[in-house]
2 protein chains.
Amino acid sequence: MKNIRLAFLGLGTVGGGTYEIFQMNKDLIEERTGCTFTVTKILEMNTERVKSLGLDPELAVTDPALIYDADDVDIVIEALGGIDFPAEVMEKSLERGKHVVTPNKAAVAANFDRLKAAAERGNAEFRFEASVGGGIPALTSIQEALAANDFTEVMGIVNGTTNYILTKMGEEGMSYEDALSDAQARGFAEADPTSDVEGIDAANKLSILMYLCFGIYIHPNDIPREGITKITMDDIAQAAEENCKIKLIAGAERNGDEITYSVAPRFVPIDHPLAGVSNEFNAIYITGNAVGELMFYGKGAGALPTGSAVAGDIIAIARNM
Amino acid sequence: MKNIRLAFLGLGTVGGGTYEIFQMNKDLIEERTGCTFTVTKILEMNTERVKSLGLDPELAVTDPALIYDADDVDIVIEALGGIDFPAEVMEKSLERGKHVVTPNKAAVAANFDRLKAAAERGNAEFRFEASVGGGIPALTSIQEALAANDFTEVMGIVNGTTNYILTKMGEEGMSYEDALSDAQARGFAEADPTSDVEGIDAANKLSILMYLCFGIYIHPNDIPREGITKITMDDIAQAAEENCKIKLIAGAERNGDEITYSVAPRFVPIDHPLAGVSNEFNAIYITGNAVGELMFYGKGAGALPTGSAVAGDIIAIARNM
């Protein structure tokens with residue numbers, strides 16, 4: 001069996017979740033891929049975390065050059081968070097011929113062309129299925145099984161925090177403030193929820209979806225964006241009166257050469273499949289000129305769902321190696 | 001650009017739809033794959049159909065050996081329908097090193113091991129994404145992006161005819177007989193609807209789903225099966241009273257080493273994502289130990305949606321060639 005050598009940049013929620021999946025489903029993954037997987041390097045300051053996952057703290061380094069210059073690393077898993085530093089480490093890894101997998105939508109969306117170019121220079125694979133919709137395999141499907149389609153529309157509920165808040169407001173009559181506190185108490189929202197509730201996270205994901213569906217690159221900062229902070233119980237009531245639910249939609253539509261796009265709350269008719277996507281679940285709804293309307297639904301966040309997508313990318317690379 | 005040579009066995013709904021997609025999206029497919037695609041052989045008696053698609057009737061042959069023994073065919077697209085004859089032609093094509101793509105669930109489900117073995121002997125690819133859920137990219141996702149998961153459950157609404165009938169009964173109060181006539185008038189049901197309404201078609205698809213999710217092969221004839229012909233308006237009313245909808249579910253569940261499976265009408269709670277799958281739409285709902293619950297939703301039949309999946313398989317093979 002071929003041995004694939006992995007380097008983790010960060011062993012937080014997603015990095016740790018990915019490693020746990022390779023432990024939990026070891027036999028099955030080896031059988032399906034014909035490969036074994038070994039962690040050879042870890043960039044992680046928290047050695048307690050390294051130990052608690054059952055990994056050897058001797059593998060931990062603090063200098064990323066010891067990973068991108070290493071000769072015992074096949075695939076780099078970037079799960080650090082942030083934008084500039086992870087983008088730089090991914091670029092250096094790719095141009096040195098190391099394959100890279102990342103769930104980091106902010107770093108991908110802000111550096112798409114630069115990372116693609118580095119992958120070409122290094123003849124390496126760059127995969128980021130987990131960056132949109134967590135465990136939902138939409139990005140791979142758009143690029144592979146659906147590759148015969150000319151896409152005309154993509155609409156996503158791609159932020160679990162805001163969808164949870166809107167569900168609580170719509171179904172339990174909670175105010176925005178109470179719903180946000182509830183989401184924070186359950187770990188669905190961060191202490192500073194700005195990136196979620198202002199639609200910044202969703203704009204990163206829409207940038208990636210547009211690139212894959214339409215082949216155009218729009219920087220996330222150039223996407224018109226409205227969050228959910230101004231939504232009132234009156235808006236919710238008005239939506240219900242019109243047989244709709246309010247959802248934060250990251251959407252883009254193409255008419256000929258013209259593409260319109262935005263992240264904004266929208267009234268979604270209750271018989272539309274996206275209206276049934278509740279709580280922290282995500283969904284991506286796309287229309288192609290061959291396949292028609294298609295929806296992917298699942299968990300958009302969390303250690304194991306997001307780790308599932310990262311692990312799927314690692315497996316795809318291993319099978320190609 | 002690499003030229004990929006295609007042979008179509010049958011140019012009916014799906015064969016013709018697949019060819020139309022390669023015409024309609026020619027530039028885009030060439031750009032995405034770096035390949036051109038040429039039809040070099042056609043097994044089709046109806047030369048009017050060949051001409052009406054703009055293909056040269058000189059390419060049409062009536063002896064399948066002229067296709068599986070040909071030296072100018074890379075990929076065989078089997079869209080004949082039936083079981084034994086297409087299985088034999090696929091087997092011979094595969095063992096002679098020709099890649100095979102098919103939407104034919106009955107032929108695949110009844111001959112899984114035989115076709116897999118032929119593909120190994122011939123070192124050829126055998127792909128059948130379109131055989132379950134039409135254009136929905138579930139099978140590829142299960143085998144690739146979700147390959148790190150141990151699956152515990154799979155449930156599908158995988159037959160559009162019965163879902164259309166059940167929707168009309170549930171939402172418009174039509175009787176079974178009226179709903180069936182309506183489905184036939186709209187082309188969603190065949191003159192002899194037995195295979196659909198008795199769950200035979202769904203059992204073929206469940207056999208394929210179980211093979212991919214759990215790695216076990218159950219012949220479709222060995223799947224306990226109940227159709228929708230006995231469903232009454234009283235059943236519909238009782239389901240509504242219990243806040244449920246009746247859906248024909250092709251489902252399998254694994255507990256440890258024990259797998260239970262059946263095709264049968266079930267009460268599905270209205271807040272379950274499968275309850276919102278109406279009319280001729282299909283959905284596949286799976287649970288993996290990493291990704292959690294996931295649903296794929298889309299068009300399960302029709303020339304272009306099913307052709308989208310066949311074309312996706314052709315593109316995947318072309319990229320690997």
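Letters A, B, ... mirror the listed sequences (proteins, then strands); counts begin at 1.
Two residues are said to be in side-chain contact when any heavy atoms from C-beta on lie closer than 4.5 Å; Arg266(A) and Ile246(A) fail this criterion. Side chains of Asn282(B) and Asn163(B) form no contact here, defined as non-hydrogen atoms less than 4.5 Å apart. By the 4.5 Å heavy-atom criterion applied to side chains, Val291(B) and Ile286(B) are not counted as neighbours. Between Ile249(A) and Leu274(A) there is a side-chain heavy-atom pair separated by less than 4.5 Å.
Proximity to chain A (any heavy atom under 4.5 Å) is shown, for Ala316(B), by neither the backbone nor the side chain. With a threshold of 4.5 angstrom between heavy atoms, Glu20(A) does not approach chain B through any atom at all. Of the two parts of Ile136(B), the backbone and the side chain both hold a non-hydrogen atom closer than 4.5 Å to a non-hydrogen atom of chain A. Proximity to chain B is limited to the side chain of Phe281(A), based on heavy atoms less than 4.5 angstrom apart.
Note that CG of Asp150(B) and OG1 of Thr287(B) are 11.5 Å apart. Values are rounded to the nearest 0.5 Å. Distance check, rounded to the nearest 0.5 Å: CD1 of Ile75(A) to CD1 of Ile317(A) gives 4.5 Å. To the nearest 0.5 Å, atom OH of residue Tyr19(B) and atom CG of residue Leu53(B) are 7.5 Å apart. Put simply, CZ on Phe214(B) and CD on Glu253(B) are 8.0 Å apart, with the number rounded to the nearest 0.5 Å. Separation of atoms CZ (Phe188(B)) and NZ (Lys168(B)) is listed at 9.0 Å; rounding is to 0.5 Å. Taking CG from Leu166(B) and CG from Asn279(B), the interatomic distance works out to 11.0 Å, rounded to the nearest 0.5 Å.
Listed by first and then second residue, the salt bridge (Lys or Arg N to Asp or Glu O under 4.0 Å) pairs that reach into residues 24-37 of chain A are Lys26(A)-Glu30(A), sequence neighbours excluded.
Annotation: maximal heavy-atom pairing with chain B below 4.5 Å, among Asp313(A), Asp271(A), Leu139(A), Leu146(A), occurs at Leu146(A). The choice from Pro273(A), Ala311(A), Ala147(A) that makes the most heavy-atom pairs within less than 4.5 Å of chain B is Ala147(A). Note on Ile314(B), Ile29(B), Asn149(B), Asn320(B): by heavy-atom pairs under 4.5 Å with chain A, the leading option is Asn149(B). Heavy-atom pairs under 4.5 Å with chain B were tallied for Ala148(A), Gly312(A), Ala145(A), Gly135(A); the largest tally goes to Ala148(A). Your options are Leu304(B), Val277(B), Val310(B), and the one with the most heavy-atom pairs under 4.5 Å with chain A is Leu304(B).
Heavy-atom neighbours of chain B within the stretch residues 125-134 of chain A, taken at a separation under 4.5 angstrom, are nonexistent. Against chain A, the residues from residues 293-301 of chain B that qualify, each with a non-hydrogen atom under 4.5 angstrom away, are Glu293(B), Leu294(B), Met295(B), Phe296(B), Tyr297(B), Gly298(B), Lys299(B) in number order.
The side chain to side chain contact (heavy atoms under 4.5 Å, CB included) check on Asn3(B) picks up Arg5(B), Thr36(B), Thr38(B), with sequence neighbours excluded.
Atom CG of Asp113(A) is surrounded by more than 12 heavy atoms from other residues, nucleotides or ligands within 6.0 Å.
Side chains of Asn25(B) and Asn289(A): a donor on one and an acceptor on the other come within 3.5 Å.
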